[in-house]
Amino acid sequence: MTTLTEADALDGLRDALGLLKDREQVAQRLLDSSAKHSFDPDKELDWDAPFEEGKWFWPPELVSLYDTPLWKRMGEEQRILLSQHEAAALASLGIWFEIILMQLLVRHIYDKAATSAHVRYALTEIEDECRHSKMFARLISHGGTPWYPVSRVHQQLGRLFKTISTTPGSFTATLLGEEVLDWMQRLTFPDERVQTLIRGVTRIHVVEEARHVRYAREELRRQMVTAPKWSQEFTRITSGEFARVFSVAFVNPEVYTNVGLDKREALAQVKASGHRREVMQTGSKRLTDFLDDIGVLRGVGRRLWKSSGLLA
């Protein structure tokens, strides 16, 4: 696979969004930002403080059953309990995804100059993701909820994806995993209805993930210009399939059982919920607009994205 060189950048290599930025300059700015704005969750957050009575663990509008007939029958206490289990399930999903991401980043830098800012930033991002995964795991344990692993099928699909993924496919999947949750977390950390600890966890994640998104977007733009045609098309198809997996894995059905609800009824109402569909499409829109601009959402891949429910 070809990659953008300094000479290419100086010659004015561009995509639909304009000139591509120099890879080393982007990475150095991200390294500088990391040096100033990185956090140790073990020290930054008050893990000894009890949860506040009556506060949510996720904004109610982002809870999967919000505004469904089943939601309207639930009492406030059960709704809050569901928000706690869904927050734990999303943290579990985040750990699964970040472990995949770390492996994809290691693959990406395997044959690149270790002294480059681009590689040093990738290693910095891996450090961030290690802290995030430990933070999410501690949050789950602190709340006393179960760990919610993805299904066995999705585990095996993840194993396959990280083995066969192209470089642009890896960065497309990275953005899918990061940007939808980032949108939700940006609504969560300023929300005073939500538990203080949850707000602290999401604040740390939003600040550090902003750098990860920038790195992935700039590299994906470069790859979609310089990668061979077969790699670009393979990326379109695999990213669409990953979107389908992601949209299903986003709701772990065991949360309903664990709060005393009928799992089948709950899943059916989530699937039929116009509000939930709007939430997921709104949370994905910034990403899907970007992917459309750079040529990822075409042909079969676009149809797969539509079938995932993330693309309107």
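All residue numbers refer to positions in the sequence shown, counting from 1.
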Hey, mind stepping through Thr68 and Ser273 against side chain to side chain donor-acceptor pair (under 3.5 Å) and telling me if it holds? CA-CA 6 Å; Thr68 63; Ser273 171; over 6 Å; no
Crowding at CH2, Trp47 (>12 non-hydrogen neighbours, <6.0 Å): yes
Is there a chain of hydrophobic side chains (I, L, V, M, F, W, Y, each step under 4.5 Å between heavy atoms) that links Ile80 to Met74? yes
Strictly below 4.0 Å, N to O, side chains only: are Glu265 and Arg73 in salt-bridge contact? yes
So does Glu52 get a backbone contact from the side chain of Gln195, meaning a donor-acceptor N/O pair under 3.5 Å? yes
ring-ring contact (aromatic ring centres under 6.0 Å, His included) evaluation trace for Phe189 with His205: CA-CA 10 Å; Phe189 79 79; His205 201 244; over 10 Å; no
For a salt bridge (charged side-chain N to carboxylate O under 4.0 Å, His left out) check, start with the C-alpha distance between Asp32 and Lys36, then their side-chain angles and the critical distance, and finish with the verdict. CA-CA 7 Å; Asp32 293 342; Lys36 296 176 184 176; over 6 Å; no
Are Asp128 and Arg211 ion-paired here, with the side-chain N under 4.0 Å from a carboxylate O? yes
So does Ser170 get a backbone contact from the side chain of Ser165, meaning a donor-acceptor N/O pair under 3.5 Å? yes
Kindly say whether Ser239 contributes a backbone atom to a donor-acceptor pair with the side chain of Arg244 at under 3.5 angstrom? no
Can Glu192 and Arg199 be counted as an ion pair, charged N to O under 4.0 angstrom? no
Do Thr238 and Phe161 have side-chain heavy atoms sitting under 4.5 Å apart? yes
Could you please spell out the steps behind the side chain to side chain donor-acceptor pair (under 3.5 Å) verdict for Glu86 and Ser64? CA-CA 8 Å; Glu86 289 204 4; Ser64 62; 2.4 Å; yes
From Asp293 atom CG to Leu17 atom CG, the distance as rounded to the nearest 0.5 Å: 5.0 Å
Spacing of CG belonging to Leu105 relative to CG belonging to Leu123, to within rounding of 0.5 Å: 9.0 Å
Taking the side chain as every heavy atom from C-beta outward, state whether Thr188 and Leu62 have any pair of such atoms under 4.5 Å apart. yes
Shared hydrophobic cluster, Leu175 / Leu20 (ILVMFWY, side-chain heavy atoms < 4.5 Å): no
List the steps, then state whether side chain to side chain contact (heavy atoms under 4.5 Å, CB included) holds for His108 with Glu219. CA-CA 11 Å; His108 172 60; Glu219 189 60 25; 3.7 Å; yes
Rounded distance (nearest 0.5 Å) linking atom CG of Asp292 with atom CG of Leu311: 7.5 Å
Taking the side chain as every heavy atom from C-beta outward, state whether Ser247 and Met280 have any atom pair closer than 4.5 Å. no
So CD of Glu77 and CG of Leu82: to nearest 0.5 Å the spacing works out to 13.0 Å
Could you check Lys21, Arg221, Arg217, Arg222 and say which one makes a salt bridge (charged side-chain N to carboxylate O under 4.0 Å, His left out) with Asp15? Arg221
Does the side chain to side chain donor-acceptor pair (under 3.5 Å) test come out yes or no for Gln223 and Thr167, once each step is laid out? CA-CA 7 Å; Gln223 293 292 333; Thr167 299; 4.8 Å; no
Verify side chain to side chain contact (heavy atoms under 4.5 Å, CB included) between Phe290 and Leu220, making sure each step is shown before the conclusion. CA-CA 10 Å; Phe290 170 73; Leu220 180 56; 4.1 Å; yes
Between Phe97 and Phe246, does the ring centre distance come in under 6.0 Å? no
In this structure, is the centre-to-centre distance between the rings of His85 and Phe57 below 6.0 Å? no
Within a radius of less than 6.0 Å around CD of Gln156, do more than 12 heavy atoms belonging to other residues, nucleotides or ligands occur? yes
Under a 4.0 Å N-O cut-off, is there an ion pair linking Glu61 with Arg193? yes
Under 3.5 Å, side chain of Thr282 to main-chain N/O of Val279, donor-acceptor pair present? no
Taking Phe39's backbone N and O only, do any of them form a donor-acceptor pair with Glu208's side chain (distance below 3.5 Å, no angle check)? yes
Are Val248 and Val150 connected in a single hydrophobic cluster, I mean Ile/Leu/Val/Met/Phe/Trp/Tyr linked by side-chain heavy atoms less than 4.5 Å apart? no
Do the side chains of Glu254 and Lys263 get close enough for a salt bridge, i.e. N-O under 4.0 angstrom? yes
Determine, stepwise, if the pair Met102 / Glu127 fulfils side chain to side chain contact (heavy atoms under 4.5 Å, CB included). CA-CA 9 Å; Met102 287 187 273; Glu127 288 183 88; over 6 Å; no
Using a strict 4.0 Å threshold on nitrogen-to-oxygen distance, state whether Asp42 and Arg131 make a salt bridge. no
Do His118 and Tyr215 have ring centres separated by under 6.0 Å? yes
Output the distance between atom CD (Gln78) and atom CG (Leu65), rounded to the nearest 0.5 Å. 9.5 Å
Nearest heavy atoms of Gln281 and Ala312, plus distance in Å: OE1-CB, 3.5 Å
Carboxylate-amine/guanidinium contact Asp289 Lys285, below 4.0 Å: yes
If Ile, Leu, Val, Met, Phe, Trp and Tyr residues are connected whenever their side-chain heavy atoms lie under 4.5 Å apart, and connections chain through other members, are Leu176 and Phe234 in the same group? no
Any chance CZ of Arg264 has more than 12 other-residue heavy atoms, nucleotides or ligands included, within less than 6.0 Å? no
Does Thr145 use its side chain to pair, donor to acceptor, with the backbone of Ser141 at less than 3.5 Å? no
About how many Å separate CD1 of Ile95 and CG of Leu90, when rounded to the nearest 0.5 Å? 11.5 Å
Examine Leu30 and Ile126 and state if one hydrophobic cluster contains both, with Ile, Leu, Val, Met, Phe, Trp and Tyr joined whenever side-chain heavy atoms are less than 4.5 Å apart. yes
Please evaluate residues Glu278 and His275 with respect to the criterion side chain to side chain donor-acceptor pair (under 3.5 Å), reporting the C-alpha separation (whole Å), side-chain torsions for both, the decisive distance (0.1 Å), and the verdict. CA-CA 5 Å; Glu278 182 181 359; His275 174 81; 5.1 Å; no
Before accepting this row, confirm whether a basic side-chain N of the pair Arg214/Glu218 lies closer than 4.0 Å to the acidic partner's carboxylate O. yes
